[in-house]
Number of protein chains: 2
Amino acid sequence: MEGRDNITGGNSFPLLLLFHHLMPMYEIFFQKLREKVNLSTDEEELIKQHLTPKKLRKRQYLLQEGDVCKFIAFVEKGALRSYSVDEKGVERIIQFALEGWTISDLYSFLTSEPATYNIDALEDSELLLIGKAAHEELLATLPKYETWMRLQITGAYIAMQRRLTSIISLSLEERYASFTSIYPQIVQRVPQHMIASYMGLTPETLSRVRKKMTGK
Amino acid sequence: MEGRDNITGGNSFPLLLLFHHLMPMYEIFFQKLREKVNLSTDEEELIKQHLTPKKLRKRQYLLQEGDVCKFIAFVEKGALRSYSVDEKGVERIIQFALEGWTISDLYSFLTSEPATYNIDALEDSELLLIGKAAHEELLATLPKYETWMRLQITGAYIAMQRRLTSIISLSLEERYASFTSIYPQIVQRVPQHMIASYMGLTPETLSRVRKKMTGK
DNA sequence: AAAAAGCATTGACAAAAGTCAATGAAATGA
DNA sequence: TCATTTCATTGACTTTTGTCAATGCTTTTT
């Protein structure tokens, strides 16, 4: 401890600036967290100690089908997707996650059953992982963490219910219009054939839907 | 209080038996609750005091689109559905709820925005309602209630993710087979055109899917 | 810089699902 | 009990979406 302080000359500012690109980033995580629960500095520190920073290169796996999912991943930077692969090798995208979003195979995480989804990076990404032990310890010791978790899952549930409702209620044109207005970022950063997969369509069909819409 | 005890002669057993059909039923609720969290008798009593029993006749509304949803409803007996109605008057079923399930318009409940769904009874039903004030009081005073809520929503989220995955991954035959094996009760008690609506299909298409399947 | 791989689009055709109309059976209600 | 409504099924036809193949444009890799 003292040794480290000595190296930075007591005031760590110069080093922080120099190695800024090497420092794990927590900004978006705590910003999101503070939107939902009020935390003391000590409580923030406690949570920070339970987070594991991880960087991922584009195309790198975070989770592969068959492995047990041992974390919930918060995206500080970059873009990821979760997806399954059917017998024919066709990928079905379940979820995208950009900055500020959380991604995991929750069922596998909670039950320790093998994961049914893959998760990989669509761009170079920086993540904060909450491992299973950390998750359980935080649940047991910090009620505000449980509150935050409850609110996170509630939000995810409501978002998914909207997605499901739009699938069974809307025309393709309406669904794509709704998607682009809710997730303009994803439209800009993700290839269209992946958006088609997310919508349960072939790339050709999505291309034709888009053509019709610009025509009008 | 004493007056009531006197009426039943101190031992309320005879009355309980006589008016059994008038007593609110909590059995399934607490059975489900105990599966998830350990509760003392006092804590169970506290929760019971925050529940409002309600009976519903078949076809009766529990919630209408446009009203603010002021409760989460637990089904002790019967069957309900939530659904939206489009401009053409077509009903889209979002969810079914049988005994032991919970139903609500969560978004409306949490935000106090007008509900976008209707909820009504498919059979004569008995419910336990958790009103918004009761919900918030229990969250604030009984950590185990928050834990239970978190687990409930997590389960609902995982179930919905499965449903969504099956919609974008499986053929109609596979989807219907999966539905009947997961929810045999619903198949028995709910008209097929409602199951078609739940699956986002016309009744004719579901009928033809079923025909194909029995043929094989 | 050249080669390869990934991506979006288009056309021709096939398969899947929806629409409309009719029928008969079953459940509901007066 | 009889009349009415609800429901599931079927047929003929239309619309929507998928499949396969080809093209040209980018982006990535070597």
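Below, chain A is the first sequence line, B the second, and so on; all start at residue 1.
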Rounded to the nearest angstrom, tell me the gap between atom [atom1] in [X] and atom [atom2] in [N].
X: B:K212; N: D:dT10; atom1: NZ; atom2: C1'; value: 15 Å
X: B:L206; N: C:dG18; atom1: CG; atom2: C1'; value: 14 Å
X: B:M199; N: C:dG18; atom1: CE; atom2: C1'; value: 15 Å
X: B:I168; N: D:dG18; atom1: CD1; atom2: P; value: 12 Å
X: B:E91; N: D:dT6; atom1: CD; atom2: P; value: 11 Å
X: B:R210; N: C:dA16; atom1: CZ; atom2: P; value: 20 Å
X: B:Q192; N: D:dC7; atom1: CD; atom2: C1'; value: 9 Å
X: A:R189; N: C:dC7; atom1: CZ; atom2: P; value: 16 Å

Whether A:H193 contacts C:dA8 is assessed here as follows: a side-chain N or O lying under 4.0 Å from the phosphate OP1 or OP2. Is that the case? yes
C:dT10 phosphate, OP1 or OP2: any side-chain N/O from A:K211 under 4.0 angstrom? yes
Using a 4.5 Å cut-off on heavy atoms from C-beta on, say whether the side chain of B:K58 contacts that of B:L122. no
For a quick check of understanding: with a heavy-atom distance under 4.0 Å over all strands, which category does A:P191 fall into, base, sugar-phosphate or nothing? sugar-phosphate
Closest approach to the side chain of B:L201, judged atom by atom: which nucleotide of C:dG18, D:dC7, D:dT10 is it? C:dG18
Any side-chain donor paired with an acceptor under 3.5 Å for B:Y117 and A:T165? yes
Are side-chain N/O atoms of B:E91 and B:S84 paired as donor and acceptor at under 3.5 Å? no
Is the charged tip of [X] near the ring of [Y]: under 6.0 Å from the six-membered ring centre and within 45° of its axis?
X: B:R162; Y: A:Y107; result: yes
X: B:K48; Y: B:Y26; result: yes
X: B:R34; Y: B:F29; result: no
X: A:R189; Y: A:Y183; result: no
X: B:K70; Y: B:F109; result: no

Find every protein N or O atom lying less than 3.5 Å from an N or O atom of nucleotides 25-30 of chain C, and list the pairs.
{"residue": "C:dT28", "atom": "OP1", "partner": "B:K58", "partner atom": "NZ", "Å": "3.4"}

Using the 3.5 Å cut-off, write out each protein N or O paired with an N or O of nucleotides 19-26 of chain D and the distance between them.
{"residue": "D:dT19", "atom": "O4", "partner": "A:R208", "partner atom": "NH1", "Å": "3.3"}
{"residue": "D:dC20", "atom": "N4", "partner": "A:E204", "partner atom": "OE2", "Å": "3.1"}

Checking B:S178 now: which residues fulfil side chain to side chain contact (heavy atoms under 4.5 Å, CB included) with it, not counting sequence neighbours? B:I182
